[in-house]
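Quick note: numbers below take in every heavy atom, side chains included, and nothing from hydrogens, waters or symmetry partners.
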Amino acid sequence: MSGKSVEQLMARGFELIDDCDFQAAVRIGTQLRKMRHTSAFEILALAHAGMGKTEKAVKILEAGVQKAPTVWVLWQLLGNYRSDLGRHEQAHEAYARALTCPQVNESSVRLNISISLGRQGRYAEALEALDRVRDQDLLLRADSQRMWVLNAQHRYDEVITLGQRCLEDAEGEADPELRAALEARLGQAYWEGHQDRDRALAHAWNALRYCRDDESALWLIREVENRISPKAKYYRLLVEGDWDQTDDEGREMGCIVSFGVVAESPEQALEYVRRFEEATYNMAQRLRIDECDEIEPSPDRPCGVYVVGEYYGLPRGSDE
């Protein structure tokens with residue numbers, strides 16, 4: 001295939017990753033691997049990690065860096081996934097190799113080094129790594145990580161000062177996950193540092209409006225409300241609702257979405273879901289339980305939403 005065709009295939013692979021179509025991305029990555037293009041390892045690793053197969057992603061990248069030892073992004077991604085698996089020393093070995101590669105984005109690697117150090121509780125070193133992030137495009141992400149580290153050190157007033165500035169700087173930021181992280185970390189500082197319930201909840205809900213499955217924001221809401229019940233159970237719900245819109249053929253649309261909720265009953269679980277949908281300005285209306293599985297008793301876990309799935313649209317009244 002021509003170089004242009006390879007570039008098109010690469011672009012399609014990363015587009016599929018962004019769309020979370022991981023099986024299709026694997027097919028693209030496999031094609032690229034047959035063509036001996038190094039992007040195959042990155043696409044295949046991202047796809048397998050997206051499917052929850054982080055161990056497989058690590059093995060793919062370990063093979064990749066043997067074939068292409070000067071490609072810094074493969075070493076960085078290998079470090080990231082090793083860190084995700086708790087193999088921090090091996091992660092740092094990969095990051096060190098990344099820093100020796102030509103054309104390396106040192107700021108990107110330093111940011112990921114900080115994340116791994118923070119997970120290890122090596123907070124002073126994590127902050128030092130952030131001080132070496134120079135890339136303007138990564139400064140806001142570095143500040144988000146800095147807020148995480150400062151929260152872990154109980155330096156809440158510093159988080160609040162930094163977070164307020166970051167939210168102003170983020171006005172033009174297009175990445176909703178980054179904006180959600182800033183909101184959630186600021187909310188955590190207000191709660192843990194000052195027991196400011198109103199501000200903590202306001203920032204948590206703001207985070208979920210940017211990224212509906214932000215785990216830190218969901219945790220913060222449950223933590224602040226602290227609704228413990230000896231009758232609580234963990235439910236997995238499949239919830240059906242209506243959308244105030246039509247498809248290309250003019251048919252009224254419905255939707256299906258899954259939730260993991262701790263509550264005293266399925267009815268109470270649905271109320272938590274309704275509150276979530278209303279607070280995050282999503283379009284689902286007239287929500288009702290399609291399926292409900294009682295997973296386990298959860299008397300020691302705060303009630304509330306734990307897991308938020310993706311919407312799946314379908315014509316209203318469809319049996320699919």
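- Ion pairing between Asp175 and Arg179 fails under the 4.0 Å rule for side-chain N and carboxylate O.
- The line from CG of Leu208 to CD of Glu277 is 11.0 Å long, rounded to the nearest 0.5 Å.
- Here the CG-CZ distance, from Leu270 to Phe276, works out to 13.5 Å after rounding to the nearest 0.5 Å.
- A salt bridge links Arg301 with Glu296: at least one charged nitrogen is closer than 4.0 Å to a carboxylate oxygen.
- Under 3.5 Å, the side chains of Tyr95 and Asn80 contain a donor-acceptor pair of N or O atoms.
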Legend entry - Worked verdict on Val58 versus Gln90 for side chain to side chain contact (heavy atoms under 4.5 Å, CB included): CA-CA 11 Å; Val58 166; Gln90 289 183 330; over 6 Å; no

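- In terms of modelled atom types and a separation under 3.5 Å, the side chain of Ser298 and the main chain of Lys233 share no donor-acceptor contact.
- Here the options are Arg119, His92, Gln120, the test is side chain to side chain donor-acceptor pair (under 3.5 Å), and the partner is Ser83; only Arg119 passes.
- Minimum interatomic distance between Trp72 and Gln103 (heavy atoms only, all atoms of both residues): NE1-O, 3.4 Å.
- Glu128 and Arg146 are not joined by a salt bridge, as no carboxylate oxygen comes within less than 4.0 angstrom of a charged side-chain nitrogen.
- Counting only distance, with no hydrogens or angles, the side chain of Asp135 and the backbone of Asp137 share a donor-acceptor pair below 3.5 Å.
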Inset, instruction - Begin from the C-alpha positions of Glu62 and Arg82 and carry the test salt bridge (charged side-chain N to carboxylate O under 4.0 Å, His left out) through to its verdict. - result: CA-CA 11 Å; Glu62 287 174 342; Arg82 283 175 171 175; 3.0 Å; yes

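- Taking the side chain as every heavy atom from C-beta outward, Leu138 and Asn105 approach each other to under 4.5 Å.
- Using a cut-off of 4.0 Å between Lys/Arg side-chain N and Asp/Glu carboxylate O, Arg12 and Glu15 are scored as salt-bridged.
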Inset, instruction - For Ser144 and Arg185, run side chain to side chain donor-acceptor pair (under 3.5 Å): C-alpha distance rounded to whole Å, both residues' side-chain angles, the deciding distance at 0.1 Å, then the answer. - result: CA-CA 8 Å; Ser144 176; Arg185 287 164 188 176; 2.6 Å; yes

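- Stacking of Arg222 on the aromatic ring of Tyr306 is recorded, both the 6.0 Å distance cut-off and the 45° axial limit being met.
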Inset, instruction - In sequence, state the C-alpha distance, the side-chain angles, and the governing distance for Trp219 and Gln188, and then conclude on side chain to side chain contact (heavy atoms under 4.5 Å, CB included). - result: CA-CA 10 Å; Trp219 165 82; Gln188 180 184 348; 4.2 Å; yes

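- Shown here is Glu225, whose CD atom has more than 12 heavy atoms of other residues, nucleotides or ligands within 6.0 Å.
- Salt-bridge annotation for Glu171 and Arg165: absent, with no side-chain N of the basic residue lying under 4.0 Å from a carboxylate O of the acidic one.
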Inset, instruction - With salt bridge (charged side-chain N to carboxylate O under 4.0 Å, His left out) as the test, would you mind laying out the steps for Arg122 and Glu89 before giving the verdict? - result: CA-CA 12 Å; Arg122 296 162 62 181; Glu89 294 310 315; 3.6 Å; yes

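- The pair Glu93-Arg97 does not count as a salt bridge, with every side-chain nitrogen at least 4.0 angstrom from each carboxylate oxygen.
- Annotation: side chain of Ile228 is not in contact with side chain of Asp300 (no heavy-atom distance under 4.5 Å).
- Looking at Trp75, its side chain does come within 3.5 Å of a backbone N or O of Pro69 through a donor-acceptor pair.
- In this structure, the ring of His194 has its center no less than 6.0 angstrom from the ring center of Tyr156.
- Atom CG of residue Asp213 and atom OG1 of residue Thr280 lie 11.0 Å apart, to the nearest 0.5 angstrom.
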Inset, instruction - Please test Arg288 against Val239 for side chain to side chain contact (heavy atoms under 4.5 Å, CB included), starting from the C-alpha separation and ending with a verdict. - result: CA-CA 6 Å; Arg288 51 208 175 266; Val239 176; over 6 Å; no

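- Between Met10 and His37, some side-chain heavy-atom pair lies under the 4.5 Å cut-off.
- Here OG1 of Thr38 is found 6.0 Å from CG of Leu74. Values are rounded to the nearest 0.5 Å.
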Legend entry - Pair Asp293-Tyr234, side chain to side chain contact (heavy atoms under 4.5 Å, CB included): steps then yes or no: CA-CA 9 Å; Asp293 295 322; Tyr234 186 88; over 6 Å; no

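- By the 6.0 Å and 45° rule, Arg227 does not stack over the aromatic ring of Tyr272.
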Legend entry - Asn112 vs Gln76, side chain to side chain donor-acceptor pair (under 3.5 Å): CA-CA, chis, key distance, verdict: CA-CA 8 Å; Asn112 284 287; Gln76 175 178 261; 3.2 Å; yes

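- Here the CG atom belonging to Leu182 is positioned 5.5 Å from the SG atom belonging to Cys166, to the nearest 0.5 angstrom.
- Ion pair Arg274/Glu271 flagged as a salt bridge, since at least one NZ, NE, NH1 or NH2 atom sits closer than 4.0 Å to an Asp/Glu carboxylate oxygen.
- Considering Leu32, Ile60, Leu46, Val71 as possible partners of Phe41, the one that fulfils the side chain to side chain contact (heavy atoms under 4.5 Å, CB included) test is Ile60.
- Of the possible donor and acceptor atoms, none in the side chain of Arg212 sits under 3.5 Å from a partner among the backbone N and O of Tyr210.
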